[in-house]
Amino acid sequence: MENKKRLIPIIAVIAIGIALGGLILTLDKTAQPTSTGSETDAGAEAADVEDSADKRGSSKGDTDSRYRAGPKGGKLFTTDELGLEVTIFEKGVPPRFRLYLYENGKPLPPSAAKVTVTLSRLGAPAQVYKFKPEVDYLVGDQIVEEPHSFDAAIAAEWKGKTFHWKYSQVEARVEMPDEMLKSIGVEILTAGPAIIKQTLKLPGEIIFNEHAIVQVVPRLPGIVTSVERHHGQQVKKGDVLAVIESQALAELRSQYRVARKRLALARTTYEREKRLWEEKISAKQDYLMAQTLWNEAEIALDLASVKLAALGVQPESDSYGSTLARYEIRAPISGLVIEKSIALGQTLKEDSNIFTIADVSTVWTAITVYPRDVAAVKVGQKAIVKATASDIKGQGAVTFITALVGGQTRNATARIELENKDGKWRPGMFVNAELVTEEIQVPVAVSITAIQTFNEWTVVFGRYGQYFEARLLELGRSDGNMVEVLEGFRAGEQYAGGNSFAIKAELGKSGATHDH
């Protein structure tokens, strides 16, 4: 009896131990993670990438963002018995999704499940990819555009259940707040419609405007007593260029003086005879004779005055002082003295070319037009003229094209008129002219300064909130300032214009790589 009492505590301890052991085994089975059958639990745990909610994908609609490396080198998502591996295949072909299906780690035929993938990108509407079976995988129905930077949502229907996964990947993206943009001088522009001006570049030279060149002649023979202006000097209209003494001018001035005195005498005589006739003291014939002499004196004075005015001499001027022969040769226009053929003491003829003055407020550009380009050049065509040896440039239009091509070169010459009030264009300068041959309205264009090369792509860096992200472009026509965008960017999107290379440099620092 005493022995039985001693056994009771021992049996109780054993029973409690068995119960605790069974409870521990039950808890271990409940906490055991699901295995795909092809990877170890430890490997799966190391490869899992979990979202903040730590949800598992299931047929109830929960979304899982955990994946591990798959046997095809892609992202492998698993839920219950179903596994789905996501890859982007782009070797020798445009990039497309290729999906591989697994059941408990073993490959499934691609027709076993129906899958859709929805991609969301910065600044773009969501893009839905559908799939069709091909060999041992599902292939997407659209190209996965570069860069591969997006949020992906996956939905798979298998055995009457729907499974959901998601993942994100970032490529060619950098965060740059407004303060940083200001500090590095990045200019933000907006893509939109533009006029692309197709141009033809031709060589040329600045020449004088032939319509504004004046040959100065004395108009009177004489001896040069003074030369006031010289080659290369600027003159204003009316400035004295030279002074001569002309015997012919002295005679004309003498005739004018005589005519003026004769007119005064004839007028006095006329007024006296008129008064005497009205008082019936003298005969009417005397009065009429005095009137005729007065009229003739007026005509003689007018003739002498006209002769002086034709020479540019003011009849009543006293500028000649006591020397009736003094003749001042004045500038007929404002401009530049480009030729001078006069010297002190020289005897001049009335038709001698003594000065050449050019008004350089406008100049011409003589453009060489090659035979192949003759048909493309037209009067009225807009042009931008740039100096070859400096940064001087201006705008003008074609005003004339030679009717005949040169006998030896077979080239034609086109003339472009340029404003030159500030005197920046000097005859003899070599230039290049860009003629606008066509103006084309395009729906989307970006500044040529925004174009960069990144990862061997031609891109602009689109602005989306605080982020810049590369956008691959298919470009069209360009005029050197704007370039047409055929694919890759939409009107209204913002992008980095001036100093866009700074964005490229920041991407290089951040180690942005191409994700396959």
*Take S500 and Y495 through the side chain to side chain contact (heavy atoms under 4.5 Å, CB included) test and state the conclusion after the steps.*
CA-CA 9 Å; S500 62; Y495 63 95; over 6 Å; no
*Flag if over 12 foreign heavy atoms under 6.0 Å of NZ, K382*: no
*Evaluate the criterion salt bridge (charged side-chain N to carboxylate O under 4.0 Å, His left out) for residue pair E506 and K509; output intermediate values, then yes/no.*
CA-CA 5 Å; E506 287 296 320; K509 294 177 184 177; 3.4 Å; yes
_Does either side chain, that of H231 or that of K340, offer a donor lying less than 3.5 Å from an acceptor on the other one?_
no
*Among R471, R173, Q169, the one residue meeting side-chain contact (heavy atoms from CB on, under 4.5 Å) with P147*: R471
*asked:* Quick one, V459 with L473, criterion side chain to side chain contact (heavy atoms under 4.5 Å, CB included). Give me CA distance, side-chain angles, the key distance, then yes/no.
replied: CA-CA 6 Å; V459 304; L473 303 182; 5.8 Å; no
*What distance do L84 atom CG and W158 atom CH2 have between them, rounded to the nearest 0.5 Å?*
11.5 Å
*What's the spacing between R372 CZ and N411 CG if we round to 0.5 Å?*
9.0 Å
*Minimum heavy-atom distance between V460 and A450, given as atom pair plus value*: CG1-O, 3.9 Å
*Test applied, side-chain contact (heavy atoms from CB on, under 4.5 Å); reference residue, F97; option that passes from I154, I143, L119*: L119
*Side chain to side chain, Q452 and F461, heavy atoms closer than 4.5 Å*: yes
*Would you say K197 has more than 12 foreign heavy atoms packed within less than 6.0 Å of its NZ?*
no
*Any side-chain heavy atom of T449 sitting closer than 4.5 Å to one from I451?*
no
_If you define the side chain from C-beta out and look only at heavy atoms, does anything of V235 sit under 4.5 Å from F355?_
no
*With no hydrogens and no angle check, do the side chains of T78 and R68 hold a donor and an acceptor under 3.5 Å apart?*
yes
*Would you call E179 and K182 a salt bridge, using N to O less than 4.0 angstrom?*
no
*Is the number of heavy atoms from other residues, nucleotides or ligands within 6.0 Å of CD (E487) greater than 12?*
no
*Under a 4.0 Å N-O cut-off, is there an ion pair linking E81 with K161?*
no
_Closest approach of P203 to N432 (non-hydrogen atoms, all atoms of both residues)_ = CA-OD1, 3.7 Å
*About how many Å separate CZ of R121 and OH of Y464, when rounded to the nearest 0.5 Å?*
10.0 Å
*Just wondering, do I357 and I213 contact through their side chains at under 4.5 Å, heavy atoms?*
no
*Would you give the length of the straight line joining atom CD of Q142 to atom CZ of F131, rounded to the nearest 0.5 angstrom?*
9.0 Å
*Check: D479 side chain, N481 main-chain N or O, donor-acceptor pair, under 3.5 Å*: yes
_M176 versus R463, closest heavy-atom pair with distance_ = O-NH1, 2.8 Å
*Is it true that atom OH of Y167 has more than 12 heavy atoms of other residues, nucleotides or ligands lying nearer than 6.0 Å?*
yes
*Heavy-atom distance under 4.5 Å between the side chains of I440 and I195, does that happen here?*
no
*Of all the heavy-atom pairs spanning T453 and K504, show the shortest one and how long it is.*
O-NZ, 2.7 Å
*Under-4.0 Å salt bridge between R490 and E493*: yes
*When rounded to the nearest 0.5 angstrom, what is the spacing between CD in E171 and CZ in F150?*
8.5 Å
*Inspect the surroundings of CD in Q215 and state if more than 12 heavy atoms from other residues, nucleotides or ligands are less than 6.0 Å away.*
yes
*Look only at the side chain of D239 and the backbone of A331, and say whether a donor-acceptor pair between them is shorter than 3.5 Å.*
no
_Under a 3.5 Å threshold, yes or no: a donor from one side chain and an acceptor from the other, between T362 and N209?_
yes
*Could you tell me whether the side chains of T399 and W364 share a donor-acceptor contact shorter than 3.5 Å?*
no
*asked:* Pairing donors with acceptors under 3.5 angstrom, does anything connect the side chains of E469 and S149?
replied: yes
_Stepwise side chain to side chain contact (heavy atoms under 4.5 Å, CB included) test for N499 and I184_ = CA-CA 8 Å; N499 287 339; I184 62 178; over 6 Å; no
*Would you kindly check if the NZ (Lys) or CZ (Arg) of K75 is within the cone defined by 45 degrees around the ring axis of Y67 and under 6.0 Å from the six-membered ring centre?*
yes
*Aromatic plane relationship, F163 with W165 - under 30° parallel, 30 to 60° tilted, over 60° perpendicular*: parallel
*K237 vs P332 side-chain heavy atoms within contact, under 4.5 Å*: no
*For S478 and G480, indicate whether the former's side chain and the latter's backbone hold a donor-acceptor pair under 3.5 Å.*
yes
*asked:* For a quick test of reading the model, state the closest non-hydrogen atom pair linking L82 to A156 and the distance between them.
replied: CD2-CB, 4.5 Å
*Check whether any side-chain heavy atom of Q381 sits under 4.5 Å from a side-chain heavy atom of T437, and report yes or no.*
yes
*Is there side-chain contact between V442 and R477, with at least one heavy-atom pair below 4.5 Å?*
yes
*Taking all heavy atoms of A113 and all of L138, pick out the closest pair and write down the distance.*
O-CD1, 4.1 Å
*Look at D373 together with K201 and state whether they make a salt bridge at an N to O cut-off of under 4.0 Å.*
no
*Do S168 and D151 have a side chain donor and acceptor closer than 3.5 Å?*
yes
_Euclidean distance, E419 CD relative to K424 NZ, rounded to 0.5 Å_ = 10.0 Å
*For A126, does its backbone N or O pair with a side-chain atom of S120 as donor and acceptor, under 3.5 Å?*
no
_Using only atom types and a distance under 3.5 Å, with no angle test, would you say the side chain of R96 pairs donor to acceptor with the backbone of G140?_
yes
*Under a 4.0 Å N-O cut-off, is there an ion pair linking E434 with K386?*
yes
_Working for side chain to side chain contact (heavy atoms under 4.5 Å, CB included), residues I206 and L418_ = CA-CA 9 Å; I206 300 297; L418 297 173; 4.0 Å; yes
*Tell me, please, whether Y100 has K72 positioned over its six-membered ring: NZ or CZ under 6.0 Å from the ring centre and within 45 degrees of its axis?*
yes
*Under 3.5 Å: donor-acceptor pair, side chain of T87, backbone of R98*: yes
